[in-house]
Amino acid sequence: MNLILFGPPGCGKGTQALRLRDNHGLAHLSTGDMLRAAVAAGTEVGKRAKAIMEAGDLVPDEVVIGIIADRVDEPDCDGGFILDGFPRTVPQAEALDVLLAEKKKAINHVIEMQVEDEVLVERVAGRFTCANCGQGYHERFSPPKQENVCDRCGSSEFKRRADDNAETARARLATYREQTAPLLPYYRKAGLLRGVDGMASMDEVTTAIEAIVQ
Ligand code: AMP
């Protein structure tokens, strides 16, 4: 099973992708994670992407298409994968169709997580993760039980994405509405699009997604 998790920044794609990965043994392909790793490693792609990401704009199509084309060839994708944050433009979606057809693969479902704009900026601007185990938190909605101590691993080191501030979150949301939301008719026409209410609790969203994929 190959899935696309679709939705604006802060809709909960990352959280649900990890649950799908664990529940179904799927590979998790997040272009945002791959680009952040490239920035941290200082590669050519990372150098090109850094300022674009910090401004909340999109990295050029050919860069992300190249990254995904290589990644879907890795053996862990043979048992199925979840695309998280890709495609984000119509040319990316078209390129994905071509490259999957070449590999005799296809997308089974595109799951759109729907969340109201006002909620998204608040969610993104308050989120942070444990630097050791990656557990996700939110300043207001889900802080660690004990201040500055990770519930999961006990570490007291936390990190925040450079683009998770209110200003960049608004820019990312505008980019989503302008360049990414126009993809919805593309997948609706292909008969693949399914919507879930991303305003519901994390567990309720998981249940709704499971009902689609099972
Ligand atoms: P994300 O972690 O999915 O929120 O992505 C973080 C940032 O990485 C985005 O705001 C973009 O600058 C860049 N990015 C991630 N995926 C893509 C993509 N498919 N196309 C273009 N830029 C991307």
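First listed ligand is number 1; within each ligand, the first listed atom is number 1. Start at 1 with the first residue, then count along the sequence.
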Engineer: Out of Val59, Asp84, Ile65, whose heavy atom is nearest to atom 21 (C) of ligand 1?
Structural biologist: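 It is Val59 whose heavy atom sits nearest to atom 21 (C) of ligand 1.
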Engineer: Using a 4.0 Å heavy-atom cut-off, which part of Leu35 comes near ligand 1: side chain, backbone, both, or neither?
Structural biologist: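 Just the side chain.
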Engineer: Ion pair present between Asp164 and Arg172, side-chain N to carboxylate O less than 4.0 angstrom?
Structural biologist: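 A salt bridge links Asp164 with Arg172.
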Engineer: Applying a heavy-atom cut-off of 4.0 Å, say which part of Asp163 lies close to ligand 1: side chain, backbone, both or neither.
Structural biologist: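 For Asp163, only side-chain atoms sit under 4.0 Å from ligand 1.
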Engineer: Nearest non-hydrogen atom to atom 12 (O) of ligand 1 belongs to which of Leu5, Asp57, Ile52?
Structural biologist: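 The residue whose heavy atom sits nearest atom 12 (O) of ligand 1 is Asp57.
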Engineer: For atom 1 (P) of ligand 1, which of the options Gln179, Arg88, Lys50 provides the nearest non-hydrogen atom?
Structural biologist: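 Residue with the shortest heavy-atom distance to the ligand atom: Arg88.
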Engineer: Indicate yes or no: does Lys105 engage Asp97 in a salt bridge with an N to O separation below 4.0 Å.
Structural biologist: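 No salt bridge links Lys105 with Asp97.
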Engineer: State whether Asp117 and Arg177 are salt-bridged, where the test is any N-O pair (Lys NZ or Arg NE/NH1/NH2 against Asp/Glu carboxylate O) under 4.0 Å.
Structural biologist: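 Result for this pair is yes, salt bridge flagged.
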Engineer: Heavy-atom pairs closer than 4.0 Å: do any link ligand 1 to the side chain of Val64, the backbone, both, or neither?
Structural biologist: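 Side chain only.
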Engineer: Under 4.0 angstrom from ligand 1, any heavy atom of Lys13?
Structural biologist: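 Judged by the 4.0 Å heavy-atom criterion, Lys13 does not count as contacting ligand 1.
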Engineer: Between the side chain of Thr129 and the main-chain N/O of Gln135, is any donor-acceptor distance below 3.5 Å?
Structural biologist: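 Between the backbone of Gln135 and the side chain of Thr129 there is no qualifying donor-acceptor contact (under 3.5 Å).
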Engineer: Are side-chain N/O atoms of Thr168 and Asn165 paired as donor and acceptor at under 3.5 Å?
Structural biologist: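 The answer is yes; a qualifying pair exists.
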Engineer: How far is atom 16 (N) of ligand 1 from the closest protein heavy atom, and which atom is that?
Structural biologist: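 Of the protein heavy atoms, Thr31 OG1, 2.8 Å lies nearest.
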Engineer: What do you reckon, does Gly85 have a nitrogen or oxygen under 3.5 Å from a nitrogen or oxygen of ligand 1?
Structural biologist: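 Between Gly85 and ligand 1, an N or O pair is found under 3.5 Å apart.
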Engineer: Is the backbone N or O of Ala125 less than 3.5 Å from a side-chain atom of Arg160, with the two atoms forming a donor-acceptor pair by type?
Structural biologist: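 Flag set: sc Arg160 to bb Ala125 pair under 3.5 Å.
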Engineer: Considering only heavy atoms, does Met53 approach ligand 1 within less than 4.0 Å through its side chain, its backbone, both, or neither?
Structural biologist: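 Within the 4.0 Å criterion, Met53 contacts ligand 1 through backbone and side-chain atoms alike.
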Engineer: Using a 4.0 Å cutoff against the non-hydrogen atoms of Arg36, which atoms of ligand 1 qualify?
Structural biologist: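 Matching atoms, with element in brackets: 2 (O), 6 (C).
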Engineer: Can you name the one residue among Ile111, Leu96, Asn108 that meets side chain to side chain contact (heavy atoms under 4.5 Å, CB included) with Ile4?
Structural biologist: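 Exactly one pass, corresponding to Leu96.
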Engineer: Which residue and non-hydrogen atom of the protein lie closest to atom 20 (N) of ligand 1, and at what distance in Å?
Structural biologist: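 Answer, as residue, atom name and distance: Gln92 NE2, 2.9 Å.
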Engineer: Does the side chain of Cys130 reach to within under 4.5 Å of the side chain of Cys153, using non-hydrogen atoms?
Structural biologist: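 Result yes, sub-4.5 Å side-chain heavy-atom pair found.
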Engineer: May I ask you to test the Phe6-Leu83 pair for a side-chain heavy-atom distance under 4.5 Å?
Structural biologist: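 Phe6 does not reach Leu83 side chain to side chain.
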Engineer: Please write down residue, atom name and distance for the protein heavy atom closest to atom 4 (O) of ligand 1.
Structural biologist: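 Its nearest protein heavy-atom neighbour is Arg161 NH2, 3.0 Å.
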